[in-house]
Amino acid sequence: MINPRLVRENPELLRQAWLRRGLEAPVDRLVELDELRRSLISGVEAAKAAKNHASAEVGKLKREGKDASEAIAAIKSRGDEQVEAEAQLAATEKELEDILMGLPNLPQASVPNGRSSEDNVVARSWGEIQEAPAWAKDHLVVGESLKLFDFKRGAKIAGAGFPVYTGWGSRLERALISWFLDEHRAAGFLEVQPPLLVNRASMTGTGNLPKFADQLYTCTEDELYLIPTAEVPVTNLHADEFLDPKELPIRYCSYTPCFRREAGSYGKDTKGFLRLHQFDKVEMVWFSAPESSEAAHETLTAQAESLVRKLGLPYRTLLLCSGDMGFGAAKCYDIEVWAPVEKKWLEVSSCSNFEDFQARRANIRTRGAENKPILVHTLNGSGLATPRILVALLETYQQENGTLKVPEVLRPYLDGLEFLSA
RNA sequence: GGAGAGGUGGCAGAGUGGUCGAUUGCGGUAGACUCGAAAUCUAUUGUAGGGAAACCUACCGGGGGUUCGAAUCCCUCCCUCUCCGCCA
């Protein structure tokens, strides 16, 4: 949630910021509700103050051993004059909150204007894009011949988009996850394994609820939700806490499966690993002092980039335009690797600075100047999501003889083998 | 699942119907002492909302109730701990 004070202090700034994201937000309604709210508050609180004062008088009389029945009768006879105003206030605050909770974060000044992914800016790129040799097969064929996965049986036992990893495929998946985690640990991130089901408050804290309920798998019986990313449980690790400024930054890395309904994306990227309902991802989550979050964002992105570079996969880093950023992001970089057979850039990481957007929802604070409470900044980035990395690896490192060359960094996790074969 | 105990400020921990937003300790901030630091001493210090301010309102796990008045009594839900049962 954005800082609600901005509604009062600078509604134009809000309007313009949301317009940059292609959103005509009901700013006038927000201003109206804020004003209504404040006028109702003064009435309601004055009535409460009067009542409190009268009750205190009763207490005083009783302590003095005097008869208070007259004073009590006077309070009773006054009745509940403010009940209606209180109900109106509650309704006003609810509408205000409902609107604010559904509105996205404000883009940073350095975010380029734009409407869609077409307008994203290539911030940098690495590696030579090679044309695939004529004999090269797409990742599904390579995977099938090496018996790395089994989509058919995954579909049988769960549904489309739930792959089964088999043999070297399973080993490769595990190798990627282990290597990612080891890299992050070496860079100072603390590894954590969180619950894969979380409650409503956690989903609200990161911004997945209420707006994106249709993207979540739900256990209605227990009101729990399957996590779409480790970002949700790991960010909420510190919900309702004060983080000691001396402990900042706090940096976690976490491997979890991710569960996404992908409602509305049917027919898009249906092939193989490009879009799944369940996939593995290692996520980095970073809690920062507000003044260091921009620098942290660069470091976080560089950390994710270092992984694809060490895997030897050509990549590019996009600075997302205002219209293409996720709901909570103030600024976001996407890292895309090149899939030579698919002839596509595939997003394997998204590194976002949420500033205080999530911290406000999840109530994650620290101490600022004069030890005053302030909201922390949260950031996170994939480091990395495995499925599309697997696609790029298969398409890039397949050999003409049908084997798969193993990137050097992964060999320690795969019996030291240079090539995998069926 | 059954029985019992508990959930209070940044932390620890008092408080069982009336100046309790809450004793006290730790921590924080400011000052004194010191060349400096530590120790010690003094003062100050909850969060959020409203208000130009004085000040007011709300908050003692969440929600509801009783009462003129609730941290305190009642109902309900959640969570933690101990014991029992079941099970990986």
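Letters A, B, ... are given to chains in the order of the sequence lines, protein chains preceding strands, and every chain is numbered from 1.
- Under the side chain to side chain donor-acceptor pair (under 3.5 Å) criterion, A/Gln88 pairs with no residue, sequence neighbours left out.
- Straight-line distance between the P atoms of B/rU66 and B/rG15: roughly 29 Å, to the nearest whole Å.
- For the salt bridge (charged side-chain N to carboxylate O under 4.0 Å, His left out) test, no residue two or more places apart in sequence or in another chain qualifies with A/Glu45.
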>> Does the protein touch nucleotides 53-70 of chain B at the base, only the backbone, or not at all? Give it as B, S and - per nucleotide, heavy atoms under 4.0 Å.
In response: ---BBS---------BS-
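- Atom C1' of nucleotide B/rA48 and atom CG of A/Leu375 are separated by 12 Å, given to the nearest angstrom.
- Partners of A/Phe162 according to the ring pair (Phe, Tyr, Trp, His ring centres under 6.0 Å) rule, which considers only residues two or more places apart in sequence or in another chain, are A/His277.
- Annotation: salt bridge (charged side-chain N to carboxylate O under 4.0 Å, His left out) contacts of A/Arg411 (sequence neighbours excluded): none.
- Near RNA chain B, defined here as any heavy-atom distance below 4.0 Å, there are no residues from residues 219-226 of chain A.
- Residues A/Tyr225 and A/Tyr217 place their aromatic rings such that the two centres sit no closer than 6.0 Å.
- Listed by chain and residue number, nothing satisfies the side chain to side chain donor-acceptor pair (under 3.5 Å) test with A/Thr256 (two or more places apart in sequence, or in another chain).
- Applying the salt bridge (charged side-chain N to carboxylate O under 4.0 Å, His left out) rule to A/Glu173 yields no partners; only residues at least two apart in sequence or on another chain are considered.
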Show the distances under 3.5 angstrom between N or O atoms of the protein and N or O atoms of nucleotides 41-46 of chain B.
none

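- Partners of A/Lys94 by side chain to side chain donor-acceptor pair (under 3.5 Å), not counting sequence neighbours, listed by chain and number: A/Asp98.
- With sequence neighbours excluded, the residues satisfying salt bridge (charged side-chain N to carboxylate O under 4.0 Å, His left out) with A/Glu12 are A/Arg15.
- Atom-to-atom, CD of A/Glu35 to P of B/rG50 comes out at 13 Å; the value is rounded to the nearest Å.
- In this view, A/Glu95 and A/Arg29 satisfy the side chain to side chain donor-acceptor pair (under 3.5 Å) rule, not counting sequence neighbours.
- The gap from the C1' atom of B/rC60 to that of B/rU72 amounts to 10 Å, rounded to the nearest Å.
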